[in-house]
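As the structure is a computational prediction, the values presented were derived from the model and not from experiment. Atom set for the values below is all heavy atoms of this structure, side chains included, hydrogens, waters and symmetry mates excluded. Indexing begins at 1, ligand by ligand and atom by atom, following the structure's order.
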Amino acid sequence: MAETELKTKVCSWNEWDPLRHVIVGVATGTMVQAPEPAVQRNWPEYGFPYGTHGPLPQEMTDKANEQLDNFAAMLQKRGIRVDRPIPLDFSQEVRTPDWIQKSMFGAMPPRDLLLTVGNEILEATMSVRSRWFEYLAYRPLLEQYFREDPAFRWQAAPKPRLTDESYWKTEFWLEFDRLTEEEQMAHTLRRQWNLTEKEPLFDAADVGRFGKDLFVQQSTVTNAGGISWLRRHFPEHRIHVVTFHEPAPMHIDATFVPLRPGLALSNRKRVPLQQELHDLFEANDWEIIPCAEPAHDTKARLSFCSVWLSMNTLVLDPKTICVEEQETAQMEQLSKLGFEVIPVPFWDVSAFGGGLHCATADVYRDGALQDYFPKQIPGF
Ligand code: DAV
(Lines give C-alpha, C1' and ligand atoms only; values in the text may rest on other atoms or scores of the structure.)
Protein backbone atom coordinates (compact mmCIF):
# COMPACT_ATOMS: atom_id res chain seq x y z
CA MET A 1 0.00 0.00 0.00
CA ALA A 2 1.31 3.45 -0.86
CA GLU A 3 2.34 5.44 2.16
CA THR A 4 -0.20 8.16 1.49
CA GLU A 5 -3.03 5.62 1.84
CA LEU A 6 -1.85 4.79 5.34
CA LYS A 7 -1.96 8.38 6.55
CA THR A 8 -4.19 8.68 9.53
CA LYS A 9 -6.73 11.33 10.30
CA VAL A 10 -8.48 11.29 13.63
CA CYS A 11 -11.98 12.79 13.70
CA SER A 12 -15.39 11.61 14.90
CA TRP A 13 -18.16 13.66 16.46
CA ASN A 14 -21.03 11.23 16.82
CA GLU A 15 -22.04 7.57 16.65
CA TRP A 16 -23.59 7.53 13.16
CA ASP A 17 -21.67 9.48 10.49
CA PRO A 18 -20.02 7.28 7.81
CA LEU A 19 -17.30 5.22 9.49
CA ARG A 20 -13.89 5.11 7.75
CA HIS A 21 -11.42 4.00 10.42
CA VAL A 22 -12.02 2.04 13.61
CA ILE A 23 -10.22 0.09 16.31
CA VAL A 24 -11.52 -3.45 16.94
CA GLY A 25 -10.45 -5.14 20.19
CA VAL A 26 -8.85 -8.55 20.69
CA ALA A 27 -9.87 -11.31 23.11
CA THR A 28 -6.37 -12.72 23.66
CA GLY A 29 -5.33 -13.04 27.29
CA THR A 30 -8.58 -11.73 28.84
CA MET A 31 -8.89 -12.56 32.53
CA VAL A 32 -11.56 -13.26 35.06
CA GLN A 33 -10.27 -10.53 37.36
CA ALA A 34 -8.93 -11.11 40.85
CA PRO A 35 -11.04 -9.44 43.56
CA GLU A 36 -10.53 -5.74 44.18
CA PRO A 37 -12.78 -3.09 45.74
CA ALA A 38 -14.36 -2.31 42.34
CA VAL A 39 -14.82 -5.90 41.12
CA GLN A 40 -15.88 -9.09 42.87
CA ARG A 41 -16.42 -11.94 40.46
CA ASN A 42 -18.30 -14.90 41.89
CA TRP A 43 -18.97 -17.57 39.30
CA PRO A 44 -18.74 -20.94 41.09
CA GLU A 45 -20.92 -22.52 38.37
CA TYR A 46 -18.18 -21.79 35.83
CA GLY A 47 -15.19 -22.67 37.99
CA PHE A 48 -14.47 -19.18 39.27
CA PRO A 49 -15.85 -18.91 42.83
CA TYR A 50 -15.22 -15.65 44.70
CA GLY A 51 -11.54 -15.15 45.40
CA THR A 52 -10.27 -17.02 42.36
CA HIS A 53 -9.01 -15.52 39.12
CA GLY A 54 -7.48 -16.67 35.88
CA PRO A 55 -7.63 -16.51 32.09
CA LEU A 56 -10.93 -17.18 30.36
CA PRO A 57 -10.85 -20.71 28.89
CA GLN A 58 -8.78 -21.03 25.73
CA GLU A 59 -11.63 -22.42 23.62
CA MET A 60 -13.77 -19.41 24.56
CA THR A 61 -10.92 -17.05 23.70
CA ASP A 62 -10.38 -18.73 20.33
CA LYS A 63 -14.06 -18.52 19.48
CA ALA A 64 -14.22 -14.84 20.48
CA ASN A 65 -11.12 -14.02 18.44
CA GLU A 66 -12.62 -15.79 15.45
CA GLN A 67 -15.75 -13.64 15.69
CA LEU A 68 -13.71 -10.46 16.23
CA ASP A 69 -11.45 -11.27 13.25
CA ASN A 70 -14.45 -11.99 11.00
CA PHE A 71 -16.08 -8.75 12.09
CA ALA A 72 -12.85 -6.83 11.35
CA ALA A 73 -12.55 -8.51 7.94
CA MET A 74 -16.15 -7.64 7.08
CA LEU A 75 -15.52 -3.98 7.94
CA GLN A 76 -12.34 -3.98 5.87
CA LYS A 77 -14.18 -5.45 2.92
CA ARG A 78 -16.51 -2.47 3.11
CA GLY A 79 -13.50 -0.15 2.83
CA ILE A 80 -13.17 0.69 6.53
CA ARG A 81 -9.65 0.74 7.93
CA VAL A 82 -9.37 -1.47 11.03
CA ASP A 83 -6.59 -1.38 13.62
CA ARG A 84 -6.13 -3.82 16.49
CA PRO A 85 -4.59 -3.27 19.94
CA ILE A 86 -1.56 -5.22 21.13
CA PRO A 87 -2.52 -7.27 24.21
CA LEU A 88 -0.21 -7.37 27.19
CA ASP A 89 0.26 -10.32 29.51
CA PHE A 90 -2.92 -9.58 31.43
CA SER A 91 -2.29 -12.45 33.86
CA GLN A 92 0.52 -10.50 35.49
CA GLU A 93 0.29 -8.85 38.86
CA VAL A 94 0.43 -5.07 38.65
CA ARG A 95 1.20 -2.43 41.23
CA THR A 96 1.41 1.29 41.83
CA PRO A 97 2.91 2.92 44.95
CA ASP A 98 -0.55 2.54 46.54
CA TRP A 99 -1.71 -1.01 45.79
CA ILE A 100 -0.99 -4.41 44.32
CA GLN A 101 -3.51 -6.13 42.05
CA LYS A 102 -3.25 -9.83 41.19
CA SER A 103 -4.40 -9.52 37.58
CA MET A 104 -5.23 -7.17 34.76
CA PHE A 105 -8.30 -7.58 32.50
CA GLY A 106 -7.91 -7.52 28.69
CA ALA A 107 -8.12 -5.49 25.48
CA MET A 108 -11.43 -6.48 23.94
CA PRO A 109 -13.53 -3.35 24.66
CA PRO A 110 -11.63 -0.28 23.38
CA ARG A 111 -14.84 1.76 23.75
CA ASP A 112 -14.54 1.57 27.54
CA LEU A 113 -11.22 3.39 27.47
CA LEU A 114 -10.99 5.60 24.38
CA LEU A 115 -13.28 8.58 23.87
CA THR A 116 -13.02 10.17 20.43
CA VAL A 117 -14.39 13.70 20.24
CA GLY A 118 -13.47 15.50 17.03
CA ASN A 119 -9.74 15.27 16.43
CA GLU A 120 -9.12 14.20 20.02
CA ILE A 121 -8.84 10.75 21.52
CA LEU A 122 -9.09 10.90 25.30
CA GLU A 123 -7.90 8.02 27.48
CA ALA A 124 -10.46 7.65 30.29
CA THR A 125 -9.37 7.39 33.92
CA MET A 126 -11.10 4.00 34.37
CA SER A 127 -12.12 3.15 37.92
CA VAL A 128 -10.90 -0.40 38.37
CA ARG A 129 -7.39 -1.40 39.43
CA SER A 130 -7.23 -4.37 37.06
CA ARG A 131 -7.88 -1.94 34.19
CA TRP A 132 -5.46 0.78 35.32
CA PHE A 133 -2.79 -0.18 32.77
CA GLU A 134 -5.19 -1.14 29.97
CA TYR A 135 -4.24 1.96 27.96
CA LEU A 136 -0.86 0.36 27.24
CA ALA A 137 -2.53 -2.05 24.80
CA TYR A 138 -3.64 0.94 22.71
CA ARG A 139 -0.46 3.01 22.97
CA PRO A 140 1.16 1.55 19.80
CA LEU A 141 -1.89 2.76 17.83
CA LEU A 142 -2.09 6.15 19.53
CA GLU A 143 1.63 6.70 18.99
CA GLN A 144 1.18 5.90 15.30
CA TYR A 145 -1.79 8.28 14.96
CA PHE A 146 0.27 10.96 16.70
CA ARG A 147 3.10 10.50 14.18
CA GLU A 148 0.84 10.40 11.14
CA ASP A 149 -1.78 13.05 11.93
CA PRO A 150 -0.32 16.43 12.92
CA ALA A 151 -3.78 17.60 14.00
CA PHE A 152 -4.43 14.64 16.34
CA ARG A 153 -4.95 15.77 19.93
CA TRP A 154 -3.85 12.93 22.17
CA GLN A 155 -5.16 13.37 25.69
CA ALA A 156 -5.29 11.35 28.88
CA ALA A 157 -7.46 12.17 31.87
CA PRO A 158 -5.65 12.37 35.24
CA LYS A 159 -4.59 8.87 36.26
CA PRO A 160 -6.52 8.09 39.45
CA ARG A 161 -4.79 6.68 42.51
CA LEU A 162 -7.60 4.20 43.27
CA THR A 163 -6.64 3.82 46.91
CA ASP A 164 -9.23 2.39 49.29
CA GLU A 165 -10.47 5.98 49.71
CA SER A 166 -11.90 5.82 46.17
CA TYR A 167 -14.33 3.08 47.28
CA TRP A 168 -16.87 2.86 50.07
CA LYS A 169 -16.34 -0.82 50.81
CA THR A 170 -13.98 -3.58 49.75
CA GLU A 171 -16.74 -6.17 49.28
CA PHE A 172 -19.47 -3.82 48.08
CA TRP A 173 -20.56 -5.99 45.15
CA LEU A 174 -20.88 -9.19 47.17
CA GLU A 175 -23.16 -7.28 49.56
CA PHE A 176 -25.02 -5.62 46.69
CA ASP A 177 -25.85 -9.01 45.19
CA ARG A 178 -27.70 -9.94 48.40
CA LEU A 179 -29.99 -6.85 48.29
CA THR A 180 -33.51 -6.84 46.90
CA GLU A 181 -33.98 -5.14 43.55
CA GLU A 182 -35.69 -2.24 45.32
CA GLU A 183 -32.76 -1.82 47.70
CA GLN A 184 -30.40 -1.96 44.74
CA MET A 185 -32.45 0.64 42.88
CA ALA A 186 -32.15 2.96 45.88
CA HIS A 187 -28.44 3.20 44.99
CA THR A 188 -29.32 4.31 41.48
CA LEU A 189 -31.83 6.89 42.73
CA ARG A 190 -29.11 8.31 45.02
CA ARG A 191 -26.48 7.90 42.24
CA GLN A 192 -24.31 6.23 44.80
CA TRP A 193 -22.71 2.83 44.36
CA ASN A 194 -19.19 1.88 45.39
CA LEU A 195 -17.22 4.86 44.05
CA THR A 196 -16.60 7.78 46.38
CA GLU A 197 -15.96 11.32 45.18
CA LYS A 198 -12.32 11.23 46.28
CA GLU A 199 -11.14 11.78 42.69
CA PRO A 200 -12.65 12.09 39.19
CA LEU A 201 -13.42 8.70 37.66
CA PHE A 202 -15.07 7.75 34.38
CA ASP A 203 -15.17 5.13 31.66
CA ALA A 204 -15.36 6.40 28.07
CA ALA A 205 -18.29 4.06 27.37
CA ASP A 206 -20.53 6.07 29.69
CA VAL A 207 -20.49 8.86 27.10
CA GLY A 208 -22.95 8.95 24.18
CA ARG A 209 -21.82 11.31 21.42
CA PHE A 210 -24.53 13.29 19.60
CA GLY A 211 -22.42 16.07 18.06
CA LYS A 212 -22.38 19.14 20.31
CA ASP A 213 -24.33 17.25 22.98
CA LEU A 214 -22.68 14.54 25.05
CA PHE A 215 -24.92 12.37 27.22
CA VAL A 216 -22.97 11.01 30.17
CA GLN A 217 -24.30 8.32 32.44
CA GLN A 218 -23.41 8.55 36.12
CA SER A 219 -22.80 4.92 36.95
CA THR A 220 -20.94 2.30 38.92
CA VAL A 221 -17.79 3.27 36.98
CA THR A 222 -18.36 7.02 36.45
CA ASN A 223 -18.71 9.39 39.42
CA ALA A 224 -19.90 13.00 39.60
CA GLY A 225 -16.29 14.21 39.68
CA GLY A 226 -15.56 12.35 36.46
CA ILE A 227 -18.47 14.09 34.76
CA SER A 228 -17.38 17.45 36.16
CA TRP A 229 -13.91 16.80 34.74
CA LEU A 230 -15.40 15.99 31.31
CA ARG A 231 -17.48 19.17 31.42
CA ARG A 232 -14.40 21.30 32.01
CA HIS A 233 -12.42 19.36 29.43
CA PHE A 234 -15.00 19.84 26.66
CA PRO A 235 -16.16 23.44 27.24
CA GLU A 236 -17.59 23.74 23.71
CA HIS A 237 -19.89 20.77 24.30
CA ARG A 238 -23.06 20.46 26.34
CA ILE A 239 -22.81 17.66 28.86
CA HIS A 240 -26.10 16.13 30.02
CA VAL A 241 -25.95 13.87 33.07
CA VAL A 242 -28.33 10.96 32.73
CA THR A 243 -29.38 7.89 34.72
CA PHE A 244 -31.73 5.05 33.93
CA HIS A 245 -33.88 2.44 35.69
CA GLU A 246 -31.01 -0.01 36.23
CA PRO A 247 -29.69 -1.06 39.65
CA ALA A 248 -26.02 -1.40 38.64
CA PRO A 249 -25.44 0.73 35.55
CA MET A 250 -22.19 0.41 33.66
CA HIS A 251 -21.75 2.11 30.26
CA ILE A 252 -24.48 3.84 28.30
CA ASP A 253 -24.19 1.82 25.09
CA ALA A 254 -26.61 -0.98 25.98
CA THR A 255 -29.05 1.55 27.43
CA PHE A 256 -29.47 4.67 25.32
CA VAL A 257 -27.93 5.04 21.86
CA PRO A 258 -28.40 7.24 18.81
CA LEU A 259 -29.15 5.53 15.49
CA ARG A 260 -29.15 8.53 13.14
CA PRO A 261 -30.03 12.22 13.39
CA GLY A 262 -33.52 12.42 14.87
CA LEU A 263 -33.70 8.85 16.16
CA ALA A 264 -32.44 7.22 19.36
CA LEU A 265 -32.91 3.72 20.73
CA SER A 266 -33.73 3.39 24.42
CA ASN A 267 -33.56 0.22 26.48
CA ARG A 268 -37.13 -0.98 26.98
CA LYS A 269 -36.44 -1.82 30.65
CA ARG A 270 -33.82 0.76 31.60
CA VAL A 271 -36.02 3.80 31.06
CA PRO A 272 -34.51 7.28 31.48
CA LEU A 273 -35.00 8.74 34.96
CA GLN A 274 -34.90 12.37 33.83
CA GLN A 275 -38.01 13.84 32.25
CA GLU A 276 -35.69 16.52 30.83
CA LEU A 277 -34.17 13.94 28.50
CA HIS A 278 -37.58 13.34 26.93
CA ASP A 279 -38.27 17.08 26.86
CA LEU A 280 -34.96 17.81 25.13
CA PHE A 281 -35.55 15.18 22.47
CA GLU A 282 -39.11 16.26 21.87
CA ALA A 283 -38.21 19.94 21.66
CA ASN A 284 -35.68 19.13 18.91
CA ASP A 285 -37.87 16.67 16.97
CA TRP A 286 -35.92 13.60 17.98
CA GLU A 287 -37.82 10.38 18.44
CA ILE A 288 -36.88 7.93 21.19
CA ILE A 289 -38.02 4.37 20.54
CA PRO A 290 -37.82 1.40 22.92
CA CYS A 291 -35.49 -1.38 21.74
CA ALA A 292 -36.76 -4.82 20.71
CA GLU A 293 -36.84 -7.87 23.01
CA PRO A 294 -33.36 -9.38 23.36
CA ALA A 295 -32.72 -12.88 22.01
CA HIS A 296 -31.27 -14.24 25.27
CA ASP A 297 -32.79 -14.37 28.75
CA THR A 298 -29.54 -15.05 30.59
CA LYS A 299 -26.07 -13.56 30.36
CA ALA A 300 -23.42 -15.41 28.39
CA ARG A 301 -21.16 -17.76 30.37
CA LEU A 302 -18.54 -15.86 32.43
CA SER A 303 -19.96 -12.56 31.20
CA PHE A 304 -20.43 -9.45 33.33
CA CYS A 305 -22.49 -7.88 30.53
CA SER A 306 -26.26 -8.18 30.32
CA VAL A 307 -28.58 -9.56 27.64
CA TRP A 308 -29.06 -5.95 26.51
CA LEU A 309 -25.98 -6.29 24.36
CA SER A 310 -28.84 -6.85 21.89
CA MET A 311 -28.89 -3.05 21.39
CA ASN A 312 -25.10 -2.65 21.50
CA THR A 313 -24.80 -2.05 17.77
CA LEU A 314 -22.29 -0.37 15.48
CA VAL A 315 -23.69 2.19 13.05
CA LEU A 316 -21.63 2.29 9.83
CA ASP A 317 -23.56 5.21 8.35
CA PRO A 318 -27.06 6.63 8.88
CA LYS A 319 -28.52 3.83 6.73
CA THR A 320 -26.36 0.85 7.75
CA ILE A 321 -26.05 -0.87 11.12
CA CYS A 322 -24.28 -3.96 12.47
CA VAL A 323 -26.35 -6.10 14.87
CA GLU A 324 -25.50 -9.39 16.59
CA GLU A 325 -26.85 -12.13 14.33
CA GLN A 326 -29.04 -13.86 16.93
CA GLU A 327 -30.91 -10.64 17.75
CA THR A 328 -33.63 -11.22 15.18
CA ALA A 329 -36.24 -8.96 16.82
CA GLN A 330 -33.75 -6.10 17.05
CA MET A 331 -32.72 -6.62 13.42
CA GLU A 332 -36.32 -6.64 12.28
CA GLN A 333 -37.11 -3.45 14.17
CA LEU A 334 -34.14 -1.68 12.56
CA SER A 335 -35.00 -2.99 9.07
CA LYS A 336 -38.48 -1.56 9.44
CA LEU A 337 -36.91 1.76 10.37
CA GLY A 338 -35.18 1.73 6.99
CA PHE A 339 -31.74 0.45 7.93
CA GLU A 340 -29.70 -2.03 5.97
CA VAL A 341 -28.92 -4.46 8.81
CA ILE A 342 -25.67 -6.42 8.76
CA PRO A 343 -25.95 -9.51 10.98
CA VAL A 344 -22.66 -10.19 12.78
CA PRO A 345 -21.99 -13.36 14.83
CA PHE A 346 -20.72 -11.89 18.12
CA TRP A 347 -22.37 -13.54 21.15
CA ASP A 348 -19.19 -15.46 21.99
CA VAL A 349 -17.41 -12.13 22.46
CA SER A 350 -19.78 -11.07 25.30
CA ALA A 351 -17.70 -12.52 28.13
CA PHE A 352 -14.71 -10.54 26.91
CA GLY A 353 -16.38 -7.23 27.70
CA GLY A 354 -19.32 -6.48 25.44
CA GLY A 355 -20.93 -6.29 22.04
CA LEU A 356 -20.30 -4.60 18.71
CA HIS A 357 -20.18 -1.06 20.09
CA CYS A 358 -18.00 -1.97 23.10
CA ALA A 359 -15.60 -3.89 20.85
CA THR A 360 -14.88 -0.83 18.71
CA ALA A 361 -13.57 2.71 19.07
CA ASP A 362 -13.97 5.35 16.39
CA VAL A 363 -10.90 6.87 14.77
CA TYR A 364 -12.54 8.55 11.80
CA ARG A 365 -16.06 9.24 10.64
CA ASP A 366 -16.98 11.72 7.90
CA GLY A 367 -18.87 14.82 8.92
CA ALA A 368 -18.44 17.92 11.00
CA LEU A 369 -19.46 19.01 14.47
CA GLN A 370 -23.16 19.83 14.40
CA ASP A 371 -25.76 21.04 16.84
CA TYR A 372 -28.65 18.57 16.77
CA PHE A 373 -30.33 20.07 19.86
CA PRO A 374 -30.48 23.83 19.31
CA LYS A 375 -33.39 24.08 21.77
CA GLN A 376 -32.00 23.33 25.23
CA ILE A 377 -33.80 22.58 28.49
CA PRO A 378 -32.65 24.90 31.31
CA GLY A 379 -30.76 23.09 34.04
CA PHE A 380 -30.27 19.87 32.10
O1 DAV B 1 -25.37 -3.01 30.08
O2 DAV B 1 -24.75 -5.01 30.07
C3 DAV B 1 -22.77 -3.36 28.41
C4 DAV B 1 -21.61 -2.49 28.08
C5 DAV B 1 -20.30 -3.06 28.41
N6 DAV B 1 -19.24 -2.23 27.89
C7 DAV B 1 -24.52 -3.85 30.02
C8 DAV B 1 -23.10 -3.39 29.84
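- Contact atoms of ligand 1 toward Asp112: 6 (N) (distance under 4.0 Å to a heavy atom of the residue).
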Please test Arg147 against Glu143 for salt bridge (charged side-chain N to carboxylate O under 4.0 Å, His left out), starting from the C-alpha separation and ending with a verdict. CA-CA 6 Å; Arg147 278 194 306 273; Glu143 288 160 7; 5.0 Å; no
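- Classification of Lys9 and Asp366 as a salt-bridged pair fails, no side-chain N sitting under 4.0 Å from a carboxylate O.
- Looking only at protein heavy atoms, the nearest one to atom 5 (C) of ligand 1 is His251 ND1, 3.3 Å.
- Near Cys358, meaning under 4.0 Å from one of its heavy atoms, ligand 1 places the atoms 4 (C), 5 (C), 6 (N).
- Each of the atoms 4 (C) of ligand 1 lies under 4.0 Å from some heavy atom of Asp253.
- Neither the backbone nor the side chain of Asn312 comes within contact range of ligand 1; no heavy atom lies under 4.0 Å.
- Atoms of ligand 1 found under 4.0 Å from any heavy atom of Gly353, numbered from 1 in the order shown, are 5 (C), 6 (N).
- At least one N or O atom of Ser306, backbone or side chain, sits closer than 3.5 Å to an N or O atom of ligand 1.
- Residue Leu309 touches ligand 1 through its side chain alone, judged by heavy-atom distances below 4.0 Å.
- Here the two rings, on Phe210 and Trp286, have centers that are under 6.0 Å apart.
- The aromatic rings of Tyr145 and Phe152 sit perpendicular, their planes meeting at an angle over 60°, well past the 30° parallel limit.
- Contact annotation: for Ala254 versus ligand 1, heavy atoms closer than 4.0 Å belong to the side chain alone.
- The residues Glu175 and Lys169 are annotated as salt-bridged, a charged nitrogen and a carboxylate oxygen being separated by less than 4.0 angstrom.
- Aromatic ring centres of Tyr167 and Phe172 lie farther apart than the 6.0 Å criterion allows.
- For atom 1 (O) of ligand 1, the nearest non-hydrogen atom from the set Met250, Glu246, Met311, Arg270 comes from Arg270.
- Not close to ligand 1: Pro109, with no non-hydrogen atom less than 4.0 angstrom away.
- Salt bridge status for Arg131 with Glu36: absent, with no side-chain N to carboxylate O gap under 4.0 Å.
- At least one donor-acceptor pair under 3.5 Å links the side chain of Thr116 to the backbone N or O of Asp362.
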